[in-house]
Amino acid sequence: MPSMNDVRSKIMEIAKRRGFYWRAYEIYGGLGGFYDYGPLGTALKDNIIQLWKEHFVIREGFLLLDSPNIGPELMYVASGHADKFTDYMVKCKKCGHAFRADELLKGYVENPEKLDDRGLWNAIVENKLRCPDCGGELSYPERFHLMFVTRVGLDKKAFLRPETAQGIFINFPIFYRLNREKLPLGVGQIGKGFRNEISPRQGLLRLREFNMAEIEFFIDPREEFPIPQELNGISLPLLTREGKEIKIEVEEAAKSGILHPAMAYFMARIVEFLSSLGIDLSRIRFRQHFKEELAHYSQDTWDCEINLSQGWVEVIGIAYRGDYDLRRHMEYSGKDLTALRRFKEPKKIRVKKLRAKMNVLGPLFKEKARKIAEILESIEFHEGEIEIEVDGEKIKVPQDAYEIVTEEESIGGERFVPHVVEPSFGIDRLLYAVLEHSYYEREESGYKVLRLSPRIAPIKAGIFPLVNKEELVEIAKKIETAVRNAGISCYYDDSGSIGRRYARADEIGVPFCITVDYDSMKDDTVTIRDRDSAQQKRVSISHLPEILEKLCREEISFGDLDAYEERS
RNA sequence: GCGGGUGUAGUCUAGUGGUAGGACGGGGGCUUCCCAAGCCUCUGGCCCGGGUUCGAACCCCGGCACCCGCACCA
């Protein structure tokens, strides 16, 4: 077994040499926190996303959204990011060093992080704070945004989204309608997020522009949420904020109240998903955030962490966001983002109500009559003269301007703000984790292999003539065309020896290699080699596209091939 | 952002002021009936900018990037 850090540098080396990913803008000296995905990386990323969609969108019947990267300032004021996503920095006027203002004030004032620029400045002046490095004078606190700021048109301030979630929240009413006004409702979004990290590091693990896949799962907090039967028995490795490590089955975790059932449900789905990606389930855990670690929107968060060569890395966050987001967007936009909780039986109630008599109100109040009528009909039952306020003016409405009626009303439900459970996937981190957990070196030879599942492998097949002879080459090239035409990514290779070609294929995780040999000319069969076992089986050339397709969808396994060949 | 380290071909790496070398890889050819065999041949490099020097991959300054630690990661 190579040491952990060994794995990491080997992955980085393969990634660049073979074209998974590399640092962006290298010819201009690079730019920290930005990476390019090459041919293999883009294919792998696409395949991971495709699998994600199958697990979390198609199987669940969730809805997809693709909303813009750039959003208006007010939305991010509402979401809390414009505020909470900001640090105040002060600079030393002499040596130019920058410091976080609240850090400097720790120990001088209580909760310095709660102060605004003015408050921080006052505290700095009162405590006569100077530059800790050179004793120089400090500047007025300035905001440092962890969001990228930009302009729309000439002067409209806007931000690049730090998460895709807000696009979903602000469209809740549309999705609610598209879901035929039913909860629970899941909306997924795959896209880029942007965070102007102070010091990005560790390759794909901390980017300034990154790929994410998020689901906002809207629920009625008063409804019970049953865990689907098919997930029963899935074991969740939990690390609670008290530091307790427990293995617990999903239904038990939900029943015992350790987890909100909807959180438990997503965790179980995540375990399934990671398993089909080829992540080693003995190296994952769900870690509960400490109270002070929680994001401004969250009541409870669990990170799905994967053990990599750099330790436990957060790859997926599952947050209970409550009604924070929808409520905030309602406040700031003034729009209704509620859902309707239907009663089993519509409630019938008899109410005494006022009904305005327009023929009296009209002549009496002229253009104000309509407004007065509206107000009258909305207020509680009253008798006698009524005083109401219209546009700040107090108006007395005489008794003969309305009548009292008794109505039977039928109320179908009540409006409420749904709660949200959000699983948020860092695709780049996931991709890196997949690479690390797939990597191994063959015992005898030390050759490098990526044990990528056929589902996500960027290239499904290599097609080789055993030796570089015209007759074999011709057949191999025909096979290549047929496989390509079936929509399966593959390549043809006749360079060097056959062993070298297998090794090259192993290193980028090609699951199957097709070799054309002399028997192929006699009976139209080829050998198909399984990457992980290095074993070969003979199959008919005519079956190849279909076989490869089934293998790559994991409908059949390599071991099934003999039976499959006999049957057909 | 701070402190420390590093930056030589696609990758890994040698080179302490005097013509930049190797290994692997990659291309072409030969050979080869199954796991990086061999032979021939080609390809390609000192992070960027300034300075010191007759002369800089090497010394100095600045920048950028990467790595380690701290801080940060809502």
Side-chain angles (χ1 to χ4, degrees), chain A residues 5 8-10 12-19 22-35 38 76 79-87 89-92 95-100 102-103 106 113 132-133 144-147 162-163 165 193 195-203 205-208 210 289 292-298 301 303 310 313-314 317 319 426 429 442 444-449 462 464-469 472 494-507 513-521 526-531 533-536:
Chain A
N5 254 337
R8 186 175 165 204
S9 57
K10 279 173 178 156
M12 279 166 44
E13 190 262 316
I14 293 174
K16 183 162 193 199
R17 184 163 47 78
R18 301 304 305 272
W22 54 82
R23 292 205 318 271
Y25 309 115
E26 271 202 316
I27 72 163
Y28 288 110
L31 190 61
F34 297 92
Y35 275 74
Y76 287 110
S79 73
H81 288 96
D83 245 17
K84 298 282 183 2
F85 213 57
T86 298
D87 289 327
M89 305 294 294
V90 290
K91 274 193 174 174
C92 170
C95 68
H97 289 182
F99 307 91
R100 274 184 52 185
D102 56 338
E103 288 290 322
K106 266 188 191 158
E113 64 280 355
D133 290 349
F144 178 79
H145 273 295
L146 271 73
M147 280 193 292
E163 57 173 16
R195 295 177 192 182
N196 200 4
E197 303 282 357
I198 295 174
S199 70
R201 218 174 267 180
Q202 300 182 314
L205 296 187
R206 195 136 160 242
L207 299 174
R208 287 186 166 126
F210 52 95
H289 278 207
E292 58 277 12
E293 191 184 359
L294 289 174
H296 60 273
Y297 50 71
S298 178
T301 295
D303 283 344
Q310 33 260 299
V313 174
E314 177 204 346
R429 290 180 175 190
R442 288 203 196 278
E444 338 73 71
S445 55
Y447 298 150
K448 300 163 182 161
V449 186
F464 318 139
L466 182 59
V467 292
N468 216 342
K469 287 275 195 287
L472 302 184
D494 62 13
S495 78
S497 68
I498 188 73
R500 175 196 294 258
R501 291 176 238 153
Y502 287 145
R504 262 203 286 235
D506 289 346
E507 195 184 42
C513 290
I514 313 297
T515 301
V516 176
D517 56 21
Y518 288 102
D519 289 342
S520 305
M521 298 195 297
V526 290
T527 63
I528 177 164
R529 168 191 180 266
D530 173 55
R531 177 196 60 212
S533 63
Q535 287 181 352
Q536 289 176 298

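A, B, ... follow the sequence lines: proteins, then strands. Residue 1 opens every chain.
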Q: Across all strands shown, which nucleotide pairs with B/rG1 by Watson-Crick or G-U wobble geometry, both distances under 3.5 Å?
A: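 Answer to the pairing question: B/rC70, which forms a Watson-Crick or G-U pair with B/rG1.
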Q: A/Glu507 has a side chain; which of B/rC68, B/rA36, B/rC72 sits nearest to it?
A: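 Closest nucleotide to the A/Glu507 side chain: B/rA36.
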Q: Round to a whole Å and report the spacing from CH2 of A/Trp22 to C1' of B/rC66.
A: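 In whole Å, B/rC66 C1' lies 18 Å from A/Trp22 CH2.
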Q: Strictly by Watson-Crick or wobble contacts shorter than 3.5 Å, is anything paired with B/rA65, and which nucleotide is it?
A: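 Its partner is B/rU6.
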Q: Shorter than 3.5 Å, N or O on both sides, protein versus nucleotides 27-33 of chain B: list them out with atom names.
A:
from   : atom 1 : to       : atom 2 : distance (Å)
B/rU32 : O4     : A/Asn468 : N      : 2.9

Q: CZ/A/Arg208 to CG/A/Leu146 distance, rounded to the nearest 0.5 angstrom?
A: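 Here the interatomic distance stands at 10.0 Å.
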Q: As a test of reading the structure: which of B/rC35, B/rC34, B/rC68 is closest to the side chain of A/Gln202, going by heavy atoms?
A: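 From the listed options, B/rC68 comes nearest.
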Q: Taking A/Arg529 for its side chain and A/Ala534 for its backbone only, find out whether a donor-acceptor pair lies under 3.5 Å.
A: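 The answer is no, because no donor-acceptor pair under 3.5 Å joins these two groups.
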Q: Could you pull out all residues at least two apart from A/Arg531 that satisfy salt bridge (Lys or Arg N to Asp or Glu O under 4.0 Å)?
A: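 Here no residue qualifies.
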Q: Can you tell me how far the CD1 atom of A/Ile514 sits from the OG atom of A/Ser520, to the nearest 0.5 Å?
A: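 So the CD1 of A/Ile514 and the OG of A/Ser520 are separated by 10.5 Å.
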Q: Name the nucleic acid region contacted by A/Thr527, choosing base, sugar-phosphate or nothing; use a 4.0 angstrom heavy-atom cut-off, strictly under.
A: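 Base: the residue A/Thr527, judged by heavy atoms under 4.0 Å, touches a nucleobase.
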Q: Quick one: does any side-chain atom of A/Arg23 pair with a main-chain N or O of A/Leu31 as donor and acceptor, under 3.5 Å?
A: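 Looks like no, no N/O pair under 3.5 Å.
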Q: Can you check whether A/Arg500 has a side-chain N or O nearer than 4.0 Å to OP1 or OP2 of B/rG25?
A: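 So the side chain of A/Arg500 is within the cut-off, an N or O lying under 4.0 Å from OP1 or OP2 of B/rG25.
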Q: At less than 3.5 Å, do the side-chain atoms of A/Tyr502 and the base atoms of B/rC34 form a donor-acceptor pair?
A: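 Checked by distance alone, the answer is yes.
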Q: Is there a Watson-Crick or G-U wobble partner for B/rA14 with both distances under 3.5 Å, and which nucleotide is it?
A: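 Because no pair has both required distances under 3.5 Å, B/rA14 counts as unpaired.
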Q: Check this one for me: any side-chain N or O of A/Arg201 less than 4.0 Å away from OP1 or OP2 of B/rA71?
A: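 For B/rA71, OP1/OP2 do not have a side-chain N/O of A/Arg201 under 4.0 Å.
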Q: Taking the side chain of A/Leu31 as heavy atoms from C-beta outward, which of B/rA36, B/rC34, B/rA65 is closest to it?
A: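 Selected nucleotide: B/rA65.
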Q: Does B/rG44 pair with anything, Watson-Crick or G-U wobble, both distances under 3.5 Å, and if so, with which nucleotide?
A: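 For B/rG44, the partner nucleotide comes out as none, under the 3.5 Å rule.
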Q: Just how far, in rounded Å, is P of B/rC35 from CD of A/Gln535?
A: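 Distance, rounded to whole Å: 14 Å.
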Q: Checking all strands, does A/Pro200 fall into the base, sugar-phosphate, or nothing category for heavy-atom contacts under 4.0 angstrom?
A: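 If one applies the 4.0 Å heavy-atom cut-off, A/Pro200 turns out to touch nothing in the nucleic acid.
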Q: Flag the pair A/Val526 / A/Ile528 as yes when at least one side-chain heavy-atom distance between them is below 4.5 Å, and no otherwise.
A: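 No - every pair of side-chain heavy atoms lies 4.5 Å or more apart.
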Q: Provide, to the nearest angstrom, the distance between the CZ atom belonging to A/Arg208 and the C1' atom belonging to B/rG1.
A: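 It is 11 Å, rounded to the nearest whole Å.
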Q: So A/His81 and A/Tyr297, would you call those rings parallel, tilted or perpendicular, with 30° and 60° as cut-offs?
A: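 Tilted.
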Q: Looking for any heavy atom pair under 4.0 Å, which part of the strands does A/Gly426 touch: base, sugar-phosphate only, or nothing?
A: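 The answer is nothing, as A/Gly426 stays clear of every strand by at least 4.0 Å.
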Q: What does A/Gly203 touch in the nucleic acid at a heavy-atom separation under 4.0 angstrom: a base, only the sugar-phosphate, or nothing?
A: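 Answer is sugar-phosphate: A/Gly203 comes under 4.0 Å of backbone atoms only.
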Q: Check nucleotides 10-12 of chain B for protein N or O atoms closer than 3.5 Å to its own N or O atoms and list the pairs.
A:
from   : atom 1 : to      : atom 2 : distance (Å)
B/rU11 : OP1    : A/Lys16 : NZ     : 2.6
B/rU11 : O2'    : A/Glu13 : OE2    : 2.7

Q: How long is the straight-line distance from CZ of A/Arg429 back to CG of A/Leu207, given to the nearest 0.5 Å?
A: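 Answer rounded to 0.5 Å: 8.5 Å.
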Q: Rounding to a whole Å, what distance do you find between A/Arg8:CZ and B/rC66:P?
A: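 After rounding, the gap between these two atoms is 12 Å.
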Q: Heavy atoms under 4.0 Å, any strand shown: does A/Gln536 hit a base, just sugar-phosphate, or nothing?
A: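 Answer is base: heavy atoms of A/Gln536 come under 4.0 Å of a base.
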Q: Using purine N1 to pyrimidine N3 plus N6-O4 or O6-N4 for Watson-Crick, or N1-O2 and O6-N3 for G-U wobble, each under 3.5 Å, what pairs with B/rU52?
A: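 Answer to the pairing question: none, since B/rU52 forms no Watson-Crick or G-U pair.
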Q: Does A/Arg201 use its side chain to pair, donor to acceptor, with the backbone of A/Arg206 at less than 3.5 Å?
A: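 Between the backbone of A/Arg206 and the side chain of A/Arg201 there is no qualifying donor-acceptor contact (under 3.5 Å).
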Q: What is the distance from atom CG of A/Leu466 to atom OG of A/Ser497, rounded to the nearest 0.5 Å?
A: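 Rounded to the nearest 0.5 Å, the CG-OG separation comes to 10.0 Å.
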Q: Taking atom P of B/rC67 as reference, at what distance in whole Å does atom CZ of A/Arg206 sit?
A: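 These atoms are roughly 11 Å apart.
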Q: Any base atoms under 4.0 Å from A/Arg23, or only sugar-phosphate, or nothing? Heavy atoms, all strands.
A: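 Sugar-phosphate: the residue A/Arg23, judged by heavy atoms under 4.0 Å, touches backbone atoms but no base.
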